[in-house]
Amino acid sequence: MTQETSSVAVLDAEGISLKSVSLWNITLRRLRRRKSALIGLTILAILTFIALTAQWLAPYDPYTPLIGIEDVKAREAPCIHALGCPPSKPQHILGVDGNVRDQFSRLLYGARLSLMIGFSTVTFAIIIGTVLGALGGYLGGWIDNVIMRLMDVLLAFPSLLLAIAIVTVLGPGLINALLAIGIVSIPAYARVVRASVLSVREMDYVSASRALGGSMTQILFRRILPNALTPLIVQGTLGIATAILDAAALSFLGLGAQPPTPEWGSMLGAERNQVFTAPHLVFFPGIAIALTVLAFNLLGDGLRDALDPRLAHVS
Amino acid sequence: MTTYILRRLLSSIPVLLGILFVTFALGRWIPGDPCRAILGEKATDAVCDEFIHRHGLDRPVHVQFGYYIREVAQGDFGRSFRFSKSVNELLVERLPITIELSFAALFVSIIVGIPLGVISAVRHNSWVDVLTMLWANIGVSMPVFWLGLMLAYIFALALKDTPFQLPPSGRLSPGIITVPFYEVWNLPLQRGTFFYGILDFVARMNILNSLLSLNFEVLRDAIRHLILPALALGTIPMALIARMTRSSMLEVLGQDYIRTARAKGLRQRVVVMKHAFRNALLPLVTVIGLSLGGLLGGAVLTETVFNLSGVGRILYDAITARDYGIVQAFTVVIAIFFVVLNLLVDISYAYLDPRIRLD
């Protein structure tokens with residue numbers, strides 16, 4: 001099936017192949033027609049750029065308090081020279097936080113952390129989930145039963161709650177929070193992979209491969225798993241959004257990234273009691289989280305539609 | 001139907017056992033001495049020896065697991081060193097607050113989400129549709145705790161001294177006292193009985209209690225306090241419900257029998273509400289059921305932001321105090337609650353769609 005769908009030949013009137021179009025070309029073409037996916041992709045491109053260039057874009061160091069360096073007070077409101085802030089005062093376009101650090105610089109560095117959190121937890125979950133799902137689906141029998149019941153158990157907990165319980169035991173910290181979020185998101189990927197494996201396990205081309213003497217790993221990785229790639233990409237993109245939200249929530253509760261790490265959730269958590277006196281310190285990190293999550297959600301939805309063969313006529 | 005329910009009940013037993021196993025394993029994972037992790041650093045050696053023996057912690061692991069299952073089955077979750085109360089007492093005190101909040105959030109998300117989804121499907125591709133879906137996308141992307149803080153800022157500070165001002169924390173205004181409905185009714189009750197426990201549990205939900213005791217001043221105040229947390233917690237499920245209603249309605253509206261209904265000359269309202277909506281409801285049951293799990297997780301954040309002393313808030317306090325016993329007990333209780341909810345969703349699904357029972 002992979003061979004058939006991953007490249008579609010474009011035929012002319014006589015049926016002679018002109019050029020082959022890969023699944024990725026089709027997807028990209030369809031993706032380009034979806035405004036929402038394009039918006040998501042654009043936001044992500046900007047975020048990636050910010051994450052990669054934070055050290056040059058940031059006007060200040062995200063960790064160093066400005067006490068004694070500049071004449072600013074803790075939690076000072078944003079000061080933008082172009083908007084009438086007196087030039088005698090130093091410019092802090094998003095204000096200064098409770099430890100007298102430039103909020104804008106911290107927010108820029110936060111992009112780096114958030115993307116890292118999203119990608120690393122999802123990669124971890126996809127690797128473990130794929131192995132478990134593929135083994136369960138391919139081998140069947142009691143192995144499948146044990147794996148899938150284990151996944152059911154993980155799904156039986158509200159995900160944030162299980163993550164909280166795991167971090168409480170492992171101890172607070174960014175790495176433990178990532179591990180916890182990774183663990184609770186494994187079942188989604190295991191299920192996707194297992195379903196794909198089951199749907200093609202008995203297909204003729206797989207039997208042919210087996211008859212030709214292909215080893216189990218070869219059949220799994222070369223013949224079966226490529227079929228799971230499409231749903232995994234969609235699930236993974238949406239999963240990054242959830243992971244970033246959950247990580248922010250854990251950090252907000254003090255279980256994830258610890259101060260002075262410029263993580264959006266923990267920045268928000270540190271200043272949450274100041275929402276009435278210094279709302280800018282709560283407002284901007286939240287906007288940053290929401291924008292990032294929105295971008296992954298929009299892209300994930302767009303990818304799902306673009307990769308859906310039932311919508312082939314749209315392209 | 002009975003066979004289906006029985007089969008579904010049986011199939012949830014392994015999941016329940018798994019939940020117990022996971023929470024048990026988490027409890028054993030705690031670094032260091034389990035006794036001092038649960039009872040606190042100040043526990044003496046004698047107290048610890050007694051604790052270890054009573055919980056079978058000096059026995060082999062599988063025996064320990066047996067002890068643990070027995071304790072949970074008997075509803076004995078131990079005591080909290082931090083609150084110096086039994087976990088059960090804490091549950092009876094705190095769970096009603098979380099249940100009230102979750103249902104208020106669910107109520108908000110359903111009464112806003114479903115109409116939005118229906119309108120957006122009926123006016124497919126119109127500006128209403130575009131705006132609704134934009135809102136739905138933004139809604140699922142906002143962190144609950146941030147939305148809560150922003151709502152508190154807007155309604156408590158920015159709209160101060162306007163009719164829209166709402167309280168940003170707590171459950172009742174100072175000075176407003178709520179009397180349990182069983183006292184208003186003068187019921188002859190004995191403290192400590194099971195029946196009393198249940199009535200007390202119900203009486204702790206302010207809205208239900210004030211309705212039962214016809215105290216409208218408390219009712220008004222309780223609702224005003226619940227609006228912001230319910231909005232914050234309900235936004236994500238609201239967005240999910242609106243999206244699901246829309247796609248489900250779009251699918252149903254394209255069916256032949258809808259065209260037939262239109263061809264018969266039925267009014268649009270009848271076609272949409274009677275023919276389409278009832279059939280589009282099915283997938284919604286699942287989304288609503290699944291949302292409840294998210295609500296329970298989100299309650300931890302919402303209660304922390306709005307200072308509501310529910311299960312979520314106590315979990316937060318327990319986490320900061322490293323009170324593992326409470327975290328473990330509450331995780332088990334909420335997970336079991338979640339499994340039962342999913343069971344109810346499945347059963348109602350089978351009730352609504354007879355085809356499922358035959359699978």
Side-chain angles (χ1 to χ4, degrees), chain A residues 35-36 39-40 145 149-172 238 241-242 244-246 248-249 252-255 264-265 268-269 271-277 279 282-283 285-298 301, chain B residues 11-12 14-19 21-23 25-31 133-134 137-138 140-147 149-150 152-153 156-158 168 236 292-301 304-305 312 315-316 318-320 322-324 327-328 330-331 334-336 338-339 342:
Chain A
K35 261 192 220 129
S36 55
I39 297 174
N145 240 323
R149 290 299 82 73
L150 199 71
M151 296 297 110
D152 283 350
V153 169
L154 285 183
L155 281 175
F157 292 92
S159 65
L160 184 61
L161 210 65
L162 183 58
I164 288 176
I166 295 176
V167 187
T168 313
V169 170
L170 292 179
L238 296 171
T242 320
I244 292 177
L245 266 187
D246 282 354
F252 176 79
L253 292 173
L255 290 172
W264 296 334
L268 233 164
E271 301 291 348
R272 53 179 252 243
N273 290 330
Q274 263 61 50
V275 64
F276 294 126
T277 49
V282 173
F283 182 70
I287 288 283
I289 301 172
L291 259 181
T292 315
V293 174
L294 179 69
F296 280 107
N297 275 334
L298 289 176
D301 282 347
Chain B
S11 70
S12 52
V15 175
L16 280 176
L17 277 177
I19 287 175
F21 179 73
V22 169
T23 45
L26 280 175
R28 293 296 165 279
W29 225 355
I30 299 169
M133 284 308 107
L134 184 73
N137 267 316
I138 296 175
V140 289
S141 307
M142 281 188 290
V144 180
F145 46 92
W146 178 72
L147 182 61
L149 288 168
M150 286 296 110
Y153 178 78
L157 194 72
I236 290 184
L292 275 167
L295 284 179
L296 292 173
V300 181
L301 300 162
T304 313
V305 169
L315 252 178
Y316 175 74
I319 292 164
T320 34
R322 303 266 164 276
D323 190 339
Y324 298 106
V327 177
Q328 194 185 21
F330 278 52
T331 311
I334 292 178
I336 293 175
F338 193 35
V339 169
N342 276 331

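So that the names make sense, note that chain A is the first sequence line, chain B the second, and so on, each numbered from 1.
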Specify which of [options] makes the most heavy-atom pairs with chain B at under 4.5 Å.
options: A:Ile166, A:Leu294, A:Thr242; value: A:Leu294
options: A:Val282, A:Thr292, A:Leu255; value: A:Val282
options: A:Leu291, A:Leu253, A:Leu160, A:Asp246; value: A:Leu253
options: A:Gly254, A:Pro172, A:Gly171; value: A:Pro172

Which one, [options], leads in non-hydrogen pairs under 4.5 Å with chain A?
options: B:Ala335, B:Ser12, B:Gly297, B:Pro143; value: B:Pro143
options: B:Phe338, B:Phe145, B:Phe21; value: B:Phe145
options: B:Gly18, B:Ala158, B:Pro14, B:Ser141; value: B:Ser141
options: B:Leu17, B:Val15, B:Val339, B:Leu296; value: B:Val15
options: B:Val22, B:Leu149, B:Thr331; value: B:Leu149

In Å, rounded to the nearest 0.5 Å, how long is the span from [atom1] of [X] to [atom2] of [Y]?
X: A:Asn297; Y: B:Ile138; atom1: CG; atom2: CD1; answer: 11.0 Å
X: A:Asp152; Y: B:Asn342; atom1: CG; atom2: CG; answer: 10.5 Å
X: B:Met142; Y: A:Ile289; atom1: CE; atom2: CD1; answer: 12.0 Å

Contact class of [X] relative to chain B, heavy atoms under 4.5 angstrom:
X: A:Leu150; answer: neither
X: A:Phe283; answer: both
X: A:Ile244; answer: neither
X: A:Ile287; answer: both
X: A:Ala248; answer: both
X: A:Asp301; answer: side chain
X: A:Phe157; answer: both

Quick one: are [X] and [Y] in side-chain contact, heavy atoms under 4.5 Å?
X: A:Pro158; Y: B:Ile334; value: yes
X: A:Phe252; Y: B:Leu301; value: yes
X: B:Val300; Y: A:Ile164; value: yes

> Which bit of B:Val140 is near chain A, if near means a heavy-atom gap under 4.5 Å: side chain, backbone, both or neither?
Replying inline: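 Contact with chain A: backbone and side chain both.
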> A:Phe276 vs B:Tyr153 aromatic rings, parallel, tilted or perpendicular, using cut-offs 30° and 60°?
Replying inline: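 Answer is parallel, since the angle falls under 30°.
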> Can you name the nearest heavy-atom pair linking B:Leu315 to A:Leu161, along with the distance?
Replying inline: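 Distance-wise, the nearest heavy atoms are CD1-CD1, 3.6 Å.
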> Which atom names give the shortest non-hydrogen contact between A:Leu298 and B:Asn137, and what distance separates them?
Replying inline: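 Of all heavy-atom pairs spanning A:Leu298 and B:Asn137, the closest is CD2-ND2, 3.5 Å.
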